[in-house]
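Taking it in order: structure first as structure tokens, then the write-up.
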Amino acid sequence: MQLYKDQTLKVTNSLTGKKEVFNPVNEGHIGMYVCGPTVYSNVHLGNCRTFMSFDMIFRYFKHLGYKVRYVRNITDAGHLVDDAEEGEDKIAKKARLEQIEPMEVVQRYTVDFHNILEQFNFLPPSIEPTATGHIIEQLEIIKEILKKGFAYEVNGSVYFDVKKFNESFDYGKLSGRKLEDMIANTRELTAQSDKKSPQDFALWKKAEPQHIMRWPSPWGDGFPGWHLECTAMSTKYLGETFDIHGGGMDLKFPHHECEIAQAEASNGNSPVNYWLHANMLTMNGKKMAKSTGNNILPGEIFSGNNAILSKPFIPSVVRFFMMQAHYTSILDLSNDALLASEKGFNRLIDALDNMSGLETGVNTDFNVADWKQKCYDAMNDDFNTPILIANLFEAVKHINLIKEGKENITLSDKELLQQTMNSFVFDVLGLENKNDGHQDSDKLQGVVELLIQLRNDARGNKDFATSDKIRDQLLAMGIQLKDGKEGTTFSIS
RNA sequence: GGCAUCGUGGCCGAGUGGCUAGGCGCAGCUCUGCAAAAGCUUGUACAGCGGUUCGAAUCCGCUCGAUGCCUCCA
């Protein structure tokens with residue numbers, strides 16, 4: 001199903017600052033690279049938001065019938081704690097603090113990352129390469145950049161020469177910065193530096209004797225610079241120019257700017273046609289970050305074990321909450337917002353469950369085909385999931401009205417509605433039906449049904465003291481009875 | 001300090017020149033022994049001040065406020 005032939009997708013390209021019609025390099029195929037996590041601590045919810053945005057984008061591409069190669073890396077080396085020349089890297093620091101091997105750190109938090117993403121129902125990327133697995137590729141790029149004259153070696157380290165690069169290319173085109181401004185605004189560096197200019201960045205850092213993570217190179221033992229791995233891995237798996245590069249807004253500068261510079265310096269090509277940036281998840285109005293401690297772990301949300309939460313929330317509710325905001329907007333996390341999303345999510349899923357039982361008739365009271373296209377229009381407009389969800393609730397309203405016999409639907413429209421709803425809710429948004437797979441034991445079911453019978457007997461005898469006691473005490477245990485036209489049902493929270 | 005982004009009804013959150021999403025809450029109604037649950041119905045809001053325009057939440061300017069990046073960060 002090559003739906004993409006019938007749909008015109010527009011994306012916000014950070015490189016131009018505009019919404020542009022999306023056309024891949026090779027028709028029907030998409031190469032997408034997303035900067036993954038540095039695995040030196042547990043992934044927090046803010047990290048998850050970015051990856052979830054691109055998971056949704058990946059899902060929509062697939063839904064449209066594209067063949068997508070989605071590469072999301074694991075950074076397991078090379079990111080420095082700060083810009084100081086001594087430059088300990090984060091993973092090495094964590095390894096030292098915990099007195100374990102750096103690769104144990106990497107393993108521990110990679111497993112955590114995968115575990116959390118699985119709970120959020122992420123689709124795995126096509127390739128998940130690691131930085132340490134691509135040292136040779138990185139060395140080759142450094143050699144190439146040196147050969148082209150855009151880098152220089154000092155004391156066993158290699159730096160990218162930003163000024164030199166800017167003479168032939170445009171450094172700052174992604175983030176809207178001008179090199180002259182950046183130079184003018186640079187404070188004097190007091191520490192002595194090997195760099196010719198503060199804007200220069202490391203391609204290769206010499207490893208001090210105490211540095212654990214090290215590899216041999218033409219310039220001595222060392223480790224790769226912060227930005228190089230993404231250039232190496234994206235080029236290797238997606239080519240010198242590919243369709244989409246994504247990542248968090250906070251990576252736009254300097255990380256993505258440097259990636260462009262490295263690629264252009266080494267092979268002359270602008271590496272990416274469409275740069276997509278996902279915006280930050282905030283908490284208390286401030287960006288979530290590992291370094292500041294202003295963050296919340298997914299596990300804390302699932303267990304409710306955090307001071308800002310009044311109760312636990314299942315992964316799909318969190319996903320739904322995030323999908324209710326556009327991926328380019330800042331989103332603030334709060335208990336109230338999650339509670340509101342939870343109610344909306346439950347209403348959506350309940351309507352979905354009710355769809356199959358709808359009675360069909362000879363006419364339909366709303367235009368299902370038009371509604372379906374509206375759903376696509378929303379997604380085609382830069383993946384506007386909030387508008388998509390608004391349309392889904394439009395369908396929820398009709399489903400409920402049909403269920404109550406106040407509106408009609410034909411069999412073919414019902415099938416179209418069902419198929420479209422399922423596609424968008426489960427395939428594109430990646431939500432999961434909370435009612436599936438959580439069957440409580442038969443015994444519990446039987447016990448509650450017995451109590452419902454006893455209560456109904458009491459009600460028949462107008463013994464409301466007994467019937468209300470059963471109802472209220474069950475509720476106190478988290479079992480809610482729901483009296484409906486066709487009898488009493490219950491839900492267990 | 002420099003460069004950006006944002007400020008929408010009680011809350012969350014779309015929209016970007018006229019037709020004014022959606023969710024949650026509140027209220028009303030239906031249902032019920034009473035409730036709860038569920039369902040339906042309902043909201044003319046766009047920080048402030050000027051300007052452009054027949055017409056602006058939407059464009060321009062200024063003011064105020066918030067955030068992000070400029071150092072590792074999704």
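Just so we're on the same page: letters track the sequence lines, and every chain starts at 1.
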If only side-chain N and O atoms count, and only distance matters, is there a donor-acceptor pair under 3.5 Å linking A:T75 with A:E229? yes

Are A:F393 and the base of B:G23 stacked, counting only ring centres nearer than 5.5 Å and planes tilted under 30°? no

In terms of heavy-atom contacts, A:I409 and A:I402 come closest through CB-CD1, 3.7 Å

Nearest-angstrom distance from the residue atom NZ of A:K397 to P of B:G22: 8 Å

Quantified in whole Å, what is the P atom distance between nucleotide B:U41 and nucleotide B:C34? 24 Å

Interatomic distance at C1', B:G18 relative to B:G28, whole Å: 33 Å

When rounded to the nearest Å, what value does the distance between P atoms of B:C70 and B:G9 take? 31 Å

When we call it a touch if two heavy atoms are under 4.0 Å apart, what does A:K286 touch: a base, just sugar-phosphate, or nothing? sugar-phosphate

Taking the minimum atom-to-atom distance to the side chain of A:N400, which one of B:C73, B:A37, B:C40 wins? B:C40

Report the distance from atom CZ of A:R455 to atom P of B:A37, rounded to the nearest whole Å. 14 Å

With a 4.0 Å cut-off on heavy atoms, is A:G36 in touch with a base, just the backbone sugar-phosphate, or nothing at all? sugar-phosphate

Measure distances between side-chain N and O atoms of A:K287 and base N and O atoms of B:C73, and say whether any donor-acceptor pair falls under 3.5 Å. yes

Which one, B:A14, B:C69, B:A74, comes nearest to the side chain of A:R177? B:C69

Looking only at side-chain atoms of A:D483, point me to the closest of B:C34, B:C12, B:G2. B:C34

Among the nucleotides B:C34, B:A36, B:A14, whichever has the atom closest to the side chain of A:A325 is B:A14

When rounded to the nearest Å, what value does the distance between P atoms of B:U42 and B:C29 take? 16 Å

Partner lookup for B:C69, please. Criteria are Watson-Crick or G-U wobble with both distances under 3.5 angstrom; report none if nothing qualifies. B:G2

Hunt down the Watson-Crick or G-U wobble partner of B:G61, both distances under 3.5 Å, from any strand shown, or write none. B:C49

Round to the nearest Å and state the distance from A:H277 atom NE2 to B:A74 atom P. 13 Å

Select base, sugar-phosphate, or nothing to describe what A:F253 touches, counting heavy atoms under 4.0 Å on all strands. sugar-phosphate

Among B:C24, B:C73, B:U16, which nucleotide has an atom closest to any side-chain atom of A:K343? B:C24

When you get a sec, tell me which of B:C34, B:C40, B:C69 is the closest nucleotide to the side chain of A:R471? B:C34

Distance in angstrom units between A:M280 CE and B:G13 C1', rounded: 18 Å

With rounding to the closest Å, how many angstrom separate the P atoms on B:C64 and B:G55? 29 Å

Assign A:D472 to base, sugar-phosphate, or nothing according to its heavy-atom contacts below 4.0 angstrom with the strands shown. nothing

If the plane angle is over 60° it's perpendicular, under 30° parallel, otherwise tilted; pick one for A:F424 and A:Y376. perpendicular

B:G25 and B:C11, which share atom name P, separated by this distance in whole Å: 16 Å

Please determine, for B:A38, whether a Watson-Crick or G-U wobble partner exists with both distances under 3.5 Å, and give it or none. B:U30

Using only heavy-atom distances, determine whether the side chains of A:H114 and A:Y109 contain a donor-acceptor pair under 3.5 Å. no

Whole angstrom is fine here: how far is it from CZ in A:F383 over to P in B:A14? 16 Å

Write down the distance between CE (A:M379) and P (B:A21), rounded to a whole number of angstrom. 21 Å

Walking RNA chain B from its 5' end, the first of A:P386 and A:K252 to be reached, judged by nearest nucleotide, is A:K252

Figure out the CG/P separation between A:D336 and B:C24, and round it to whole Å. 14 Å

Classify A:L392 by what it touches in the nucleic acid, base, sugar-phosphate, or nothing, heavy-atom distance under 4.0 Å. nothing

Which nucleotide in B:U67, B:U16, B:C73 has an atom nearest any side-chain atom of A:I330: B:U67

For B:G15 versus B:U8, give the span between their C1' atoms, rounded off to a whole number of Å. 10 Å

So what does A:L281 hit on the nucleic acid, given a heavy-atom distance under 4.0 Å: a base, only sugar-phosphate, or nothing? base

Heavy atoms only, 4.0 Å cut-off, all strands: where does A:A278 land among base, sugar-phosphate and nothing? nothing

Examine the base of B:G23 for any acceptor or donor lying under 3.5 Å from a partner atom in the side chain of A:N346, and report the outcome as yes or no. no

To the nearest 0.5 Å, how far apart are NE2 in A:H398 and CZ in A:F393? 14.0 Å

In a check of ring pair (Phe, Tyr, Trp, His ring centres under 6.0 Å) between A:H245 and each of A:W275, A:Y70, A:Y274, which one passes? A:W275

Of the listed nucleotides B:C69, B:C40, B:A37, the one nearest the side chain of A:D250: B:C69

Look at the side chain of A:Q480 and decide which nucleotide, out of B:A36, B:A74, B:U71, has an atom nearest to it. B:A36

What heavy-atom pair brings A:I244 and A:F242 nearest, and what distance separates the two atoms? O-CE1, 3.3 Å

In whole angstroms, how far is the P atom of B:A74 from the CH2 atom of A:W275? 15 Å

Measuring to OP1 and OP2 of B:A74, would you say a side-chain N or O of A:K290 lies under 4.0 angstrom away? yes

Judged by each residue's nearest nucleotide on RNA chain B, which is more toward the 5′ side, A:N391 or A:S329? A:S329

Does a distance-only test, which skips hydrogens and angles, find a donor-acceptor pair under 3.5 Å between the side chain of A:N279 and the base of B:A74? no

Please classify the nucleic acid contact of A:G176 as base, sugar-phosphate, or nothing, using heavy-atom distances under 4.0 Å. sugar-phosphate

Nearest to side-chain heavy atoms of A:L401, which nucleotide of B:C40, B:C70, B:G33: B:C40

Can you label the angle between the A:F61 ring and the A:F383 ring as parallel, tilted or perpendicular, going by 30° and 60°? perpendicular

Do A:R347 and B:A38 share a donor-acceptor pair, side chain to base, under 3.5 Å? no

Which is it for A:D377 and A:Q373 under the side-chain hydrogen bond (donor to acceptor under 3.5 Å, both in side chains) test, yes or no, and what are the steps along the way? CA-CA 6 Å; A:D377 290 346; A:Q373 187 53 46; 2.9 Å; yes

B:G17 to B:A57 separation - P atoms, rounded to the nearest Å: 13 Å

